[in-house]
Amino acid sequence: MENILECKALRKAFPDCVALDSIDLSINKGKVVGLLGPNGSGKSTLIKLINGLMTPTGGDVLIDNMEPGIETKRIISYLPERTYLNDWMKVKDILTYFKDFYNDFDLIRAKDMMNKLSINENDRLKTMSKGTKEKVQLILVMSRDASLYLLDEPIGGVDPATRDYILDTIIGNYNENATVIIATHLISDVEKILDDVIFINKGKIELVSTVDDIREKENKSVDALFREVFKC
Amino acid sequence: MSWILDDNRPIYIQLVEQIQMMIITGFYPLESKLPSVRDMASEASVNPNTMQRAFAQLEAEGLLYSDRTKGRFVTKDKEKIMKIKNELAISDTKNYIKKMKELGCDKNQIENLIDAAMKEEQ
C-alpha cells in the first residue's frame, strides 16, 4: 500500500526543549489514525511539521513523497487547535472565502452540514458559543476533498451528541483514498472510528498498533491501555 | 436495529456477531442484499475498514457472498444459517450452565429455574 505520510528521523528542538525526537513513521492511504498522547507530548508539533507551519530541526517529513510546500498544502486539510478565522465574519462569508481559496472545497456539502447542525449562515462567528465555532471549522475542513486531513483536537469543545455527529461526519466524508489523522486525548470517544493508533510521549513514539490488535492482545480498550501507559 | 459495542473486545468480532444475529433473526432474510460497507459502517459508527473486515470474515464463513457488480448478499444456504444458529444456542446454553454452577446450582435446580422462568414468560 502507498504511504501518504512518511517521517524519517524527524526532530524538532526549541531553544530550551526537544519537542520531537527520532520520529520514524509511515501512514498508509485510506486510514483513520489517532495520534494520542498526554498534554505536551508533541502531538501539535508533529501536525505543524506535517503541514509546514514549522520546519524540522532534523530529519525528513514527506507527504505523498513531497516535502511540505505549496503542493502539499493543496492536498492537506488542516483543523488547527485555535481558530484563525476573523470573528466578525458571517458563516456565509467564510463559505465564500473557502470556496475561493480551495479548489477542492465542496460548497454544497458544507451548506448541507451547516443545515443539519442548525447553524445559521447569517450568524457571525463572534456571536457563537465555543462549541458552535468548532463545528463551523470542522465542517469547513471536512468539506474539502483532501488526501490528508489533520485534525488537532476536533471534538474538545462540543457536547457528546454533537461529538457523535462529528465523528460520523468524519467517517462519512472522507473517501477511501484519503487519510485522517486525529490528534486528541478524548480516546474513548474516537476509538471506534480509528484504524490505527499512535501513542506519543515526551516527543517520542511509544507504540503504533491497530485498535483491534490492542483489544485482542491486551483484552482492553485503547482508552484503558492509554490510562495504564500514561499513568501519572 | 441498534449496534451495541463493548469496550474490551475487538470491534470487528463484535460486528461479526451482531450481523450474524441479524441474519439468524431474519432482519436480513435469505438472499437479501446488504447495505454497502460505508452505510453499515456509518450506521454502526465504526470505521469502514473495520466493517469491511467483518464482512470478509462473514464471507469466509459462508454466511455472506458478494457479487462483483450487484453487491453483497445473505447466503442462499438455509442449512448454513441453521448451523450457526445452533452453534450460538449451544454456546449460550453452556455459558448459562457454567454461570449457574458458579452460583452453586445443581442440574435439578437449573431445570426448575428454567421451567419457572418459562412459565412466567407465557
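Order of the sequence lines fixes the chain letters, A, B, ..., with proteins taken first and strands second; residue numbering starts at 1 for each chain.
By a heavy-atom distance cut of under 4.5 Å, E191(A), K192(A), I193(A), L194(A), D195(A) are the residues of residues 188-198 of chain A near chain B, going up by number. Of residues 107-121 of chain A, no residue lies under 4.5 Å from chain B by any heavy-atom pair.
Residues I11(B) and R215(A) meet the side-chain proximity criterion, which asks for heavy atoms closer than 4.5 Å.
For chain A, the nearby part of L5(B) is the side chain; its heavy atoms alone come within less than 4.5 Å. If you measure heavy-atom distances from I171(A) to chain B, the contacts under 4.5 Å come from both the backbone and the side chain. Residue Q52(B) does not touch chain A at all, counting heavy-atom pairs closer than 4.5 Å. Proximity to chain A is absent for every atom of D39(B), based on heavy atoms less than 4.5 angstrom apart. Of the two parts of R38(B), only the side chain, counted from C-beta on, holds a non-hydrogen atom closer than 4.5 Å to a non-hydrogen atom of chain A.
Around atom CE of M21(B), no more than 12 heavy atoms belonging to other residues, nucleotides or ligands sit under 6.0 Å away. Atom NZ of K99(A) has more than 12 heavy atoms from other residues, nucleotides or ligands within 6.0 Å. Other residues, nucleotides and ligands contribute only 12 or fewer heavy atoms inside 6.0 Å of the NZ atom of K85(B). Enclosure of atom CD in E79(B) is not indicated, since only 12 or fewer non-hydrogen atoms of other residues, nucleotides or ligands lie within 6.0 angstrom. Within a 6.0 Å radius of CD in E17(B), more than 12 heavy atoms belonging to other residues, nucleotides or ligands are found. Counted within 6.0 Å of CE on M82(B), heavy atoms from surrounding residues, nucleotides or ligands total 12 or fewer; the atom is thus considered open.
Remark: the backbone N or O of Y12(B) is paired with a side-chain donor or acceptor of D212(A) at under 3.5 angstrom. Between the R9(B) side chain and the N219(A) main chain, no donor and acceptor come within less than 3.5 Å of each other.
Of all the listed residues (T50(B), I13(B), N8(B), D6(B)), the one sharing the greatest number of non-hydrogen pairs under 4.5 Å with chain A is N8(B).
Annotation: the span from N49(B) atom CG to N28(A) atom CG amounts to 10.0 Å, rounded to 0.5 Å.
When the options V32(A), I170(A), V211(A) are evaluated for a side chain to side chain contact (heavy atoms under 4.5 Å, CB included) with N47(B), the one that passes is V32(A).
S45(B) and D164(A) are not linked by any side-chain donor-acceptor pair at a separation below 3.5 angstrom, with hydrogens and angles left out of the test.
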